[in-house]
Amino acid sequence: MARPGHKYIFVLGGVMSGVGKGIAASSMGLLLQQRGYRVNLVKVDPYLNVDAGTMNPTEHGEVFVLKSGLETDQDMGNYERFLNRDLGPEDYMTSGMVYKTVIERERALEYGGATIEALPHVRDEIMRRIEAAATTADSQVSVIEIGGTVGDFQNALFIEAARVLKLVNPEDVAFVMVSYLPVPGTLGEMKTKPTQSAVRALNSYGVQPDFIIARSAGRMDDKRKEKLAVWCNVRPDRIISAPDVESIYDVPLNFERDNLGDLLLDKLRLSKDQPADMGEWKAFVEKTKTLRRPVKIGIVGKYFDTGDYVLSDAYLSIIEGLKFSGAELGVKPEITWLNAKDYERGLSVDSLSDYDGILVPCGFGETGIEGKLKAIQYARENRIPYFGICYGMQLMVIEYARNVLGLEGAHTTEINPDATHPIVAIMDEQKKHMAEKKYGGTMRLGSYIELVKRGTIAYEAYGEESVEERHRHRYEINPAYVERLEKAGLVFSATSPDGVLMEVAELPRSAHPFMLGTQAHPELQARPLAPHPLFTAFLKAAAANA
Ligand code: GLN
């Protein structure tokens, strides 16, 4: 069933999650791509949610929306940023998706009366999807990251599918385990035992890793490398030390230093004729390290607190988007996370004067909303550059309606369905979804064309009249209020091609140095080698204010 000559690299996690499997997979993809191979990266999420759209970002991190509109894991964002290209919906799968297909096929009698079981039917559906992704991308190498850790119940069928793929194509499959070597404080010594156990666990599935990427705080010494090699049955040169790094964009360069790209090609019997072209990437990484001029950005959001920890994962692409534009402009964005709820609990918004720019990101529901509105009002009245993304745009327009138009009770129907002035309201087709409790995958999702008006700040940034941006929202600026808002000075600088949906709102330069909100999510298309023009425009204005 496999494409002839196609190669597969499975990336598995050992010991614990969160050690950078996604970055390792992205980096391997980049090393192969820069050697002239066509690569597709696939993420396997073992949970039963059909997509990531219904998951709480505090728990699971950002929901990354593909061009197609599929709501996926944040790793897909890293993949796209490293490869500098759009990935397709085939490049993502969850257990929920896989089971859903099998069950639907069973209900349609497509298995002709057979007894349907995890093996072989679910496994075969996994293999079918892996093939479909490679075919659609027309790639030569697929790098497939299996979520979770070896030993989990949840991902066992995916590992089983990989094992069978290797059995059928022994020359074409490589297994890479990304593991972790702790240095317990009381011992002060780097321990290999957890990795040995993880490899044993993987062996019990019938799978032997060909490579170990050993994540750790510091570099691994030769003694430990030899130990791992013997105990885990992996060639020492295929054990790659991957110490913590300042920036995730260093990882492919470090891998390259350890020759991982060529080692992978050797293992897969692919030609090494073309040397890796890492020049542009290296230049980007070096640039990010020489940035000295700080620009202070306050991000007013709500998805940070989990217990005693502050998590910024929910806003990952925004952080990266600021970094890329920073490198382009030669400034260093310094982000402070500001909890919107604090402004509701009495913290004065005057403290926002510390920041050169204020950003209100995406969000859902009521939590922190009045705090965000206060922050937006402060940014507008004090001429601090403001960038609103999705909810941040909707709230910017509500703030304008309340405080400039004097429309008391201006609100979004997401919070107050009976608002006297429903400035932001639900679209008709969405009403139906809500009534039927169809929440999953039903927002306005994925890429849509926007028409940008000449002579606006948005046009100045984009330099184009027609742009495509990815979306993820249910509510829209209410067309019934557009004329009044415009008369009061707000400019809708981009709309849907039919002119009905407001895509970008801004204040003219005469009124404010930079006050702009976008209904779409520009951060999803910001790339290291292609920064997003709206992020760059915002950061430029903030730098001028610094
Ligand atoms: N909650 C808003 C909506 O559904 C904004 C969504 C977002 O910020 N992504 O329209």
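Every heavy atom of this structure was used, including side-chain atoms; hydrogens, water molecules and symmetry mates were not. Both ligands and their constituent atoms are indexed starting at 1 by order of listing.
By the 4.0 Å N-to-carboxylate-O rule, Asp244 lies close enough to Arg215 to be salt-bridged with it. The pair Glu71-Arg472 meets the salt-bridge criterion, since a charged nitrogen lies less than 4.0 angstrom from a carboxylate oxygen.
The parts of His473 lying near ligand 1 are both backbone and side chain, judged by heavy-atom distances below 4.0 Å.
Proximity to Cys390 (heavy-atom distance under 4.0 Å) selects the following atoms of ligand 1: 5 (C), 6 (C), 7 (C), 8 (O), 9 (N). Heavy-atom proximity to Cys362, at under 4.0 Å, picks out these atoms of ligand 1: 7 (C), 8 (O), 9 (N). Against a heavy-atom cut-off of under 4.0 Å, Glu414 is close to the following atoms of ligand 1: 1 (N), 2 (C), 3 (C), 4 (O). For ligand 1, the atoms sitting less than 4.0 Å from at least one non-hydrogen atom of Arg472 are 6 (C), 7 (C), 9 (N), numbered in the order shown with element in parentheses.
The aromatic rings of His473 and His471 sit tilted, their planes meeting at an angle between 30° and 60°. Tyr481 and His421 have perpendicular rings, their planes meeting at more than 60° on a 0 to 90° scale where under 30° would count as parallel.
Between the side chains of Asp45 and Tyr92, at least one donor N or O sits under 3.5 Å from an acceptor N or O. With hydrogens and angles left out, the side-chain atoms of Tyr355 and Glu334 include no donor and acceptor closer than 3.5 Å. A donor-acceptor contact closer than 3.5 angstrom is absent between the side chains of Ser26 and Asn78.
Taking only nitrogen or oxygen atoms, main chain and side chain alike, Gln519 does not reach within less than 3.5 Å of ligand 1.
Ligand 1 lies within reach of His521, whose nearest heavy atom is under 4.0 Å from it. Distances shorter than 4.0 angstrom do not occur between any heavy atom of Met443 and any atom of ligand 1.
Scanning all protein heavy atoms for the shortest distance to atom 4 (O) of ligand 1 gives Arg474 N, 3.0 Å. The nearest heavy-atom contact from the protein to atom 10 (O) of ligand 1 is Tyr475 N, 2.9 Å. From the protein, the heavy atom lying nearest to atom 5 (C) of ligand 1 is Gly363 O, 3.3 Å.
Annotation: side chain of Glu486 is not in contact with side chain of Leu490 (no heavy-atom distance under 4.5 Å).
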